[in-house]
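Have a look at the structure below before the remarks.
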Amino acid sequence: MAYYENIPVVIVPTIASTDAPCSALSVIYTDEGVFSEYLMLPKNPEVVIVDTEIVAKAPARLLVAGIGDALATYFEAEACLKSNACNMAGGKITKAAMALASLCYETLLEDGLKAKLAVESGVCTTAVENIIEANTYLSGIGFESGGLAAAHAIHNGFTVLEQCHHLYHGEKVAFGTIVQLVLENRTMEEIEEVITLCLNLQLPITLEDMGIIEIKEEEIKSVAKATCLEGETIYNMPFEINEDMVYAAILSADAIGRLYK
Ligand SMILES: [Zn+2]
């Protein structure tokens, strides 16, 4: 409304389930909840006010989904830095952007599980406040300044499967992050760090967790195809990408995830 009326925007989120509030990007959905369009706002909101007592009373699954969304921030920013890609604002990746993204990831590792458990107990602790800051601010400004890469494109790919429609944005992004790590052939140590966090928080680490009980080759190929559509952020990765690589990385990530079950 503020965009069309050309008036200032003040956002007061009551959940911390995505990195949207601080960003200048508004995602428009149809009444049925299907993605319709991206609306780029001329600038970021004037004010974002988060009452952590209110956010702490929201369902824990929403906070955890926000952690899943924030999990991608550092890895996508690092990919954009390596490939010299542009960030969401059209500029290059600065040291400040990398510092925000890296602090975001460190905060999730340090406080993610503590925050989930606190919210499940109905209380707001320092860990909850730190996670709200990471999910809302560090990830929001982090992804705008650091750019998006494979994890979010893989998320978009999975939206073509109806089995995944019950998942929140951040839950799919978490699995997309693991797939990106496999694409990059990261060390087992790095992959395990992310998987352990997801496992502790009950974020998806396998295709079964994503709602895909029976793995059909043509379905996973359709996900890979949608991930690699022209203009997707996966082309911000620092190496050449094709559908076969994404298909292989999804199945490989699933196999690694199953090891930890
Ligand atoms: Zn996101």
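Indexing begins at 1, ligand by ligand and atom by atom, following the structure's order.
- Using modelled atom types, no side-chain atom of S145 and backbone atom of A97 make a donor-acceptor pair closer than 3.5 Å.
- H166 places a side-chain N or O within 3.5 Å of a backbone atom of Q163 that can act as its donor or acceptor partner.
- In this structure, F143 and H152 have parallel ring planes: the angle between them is below the 30° cut-off, well short of the 60° mark.
- Comment: E189 does not engage R186 in a salt bridge, judged by the lack of any side-chain N to carboxylate O separation of less than 4.0 angstrom.
- Take E133 and apply the salt bridge (Lys or Arg N to Asp or Glu O under 4.0 Å) test, not counting sequence neighbours, and it matches no residue.
- Of all protein N/O/S atoms, those under 2.8 Å from the Zn ion (ligand 1) are D69 OD1, H152 NE2, H169 NE2, and waters are not counted.
- Applying the side chain to side chain donor-acceptor pair (under 3.5 Å) test between D69 and each of H155, H169, K172 identifies H169 as the sole match.
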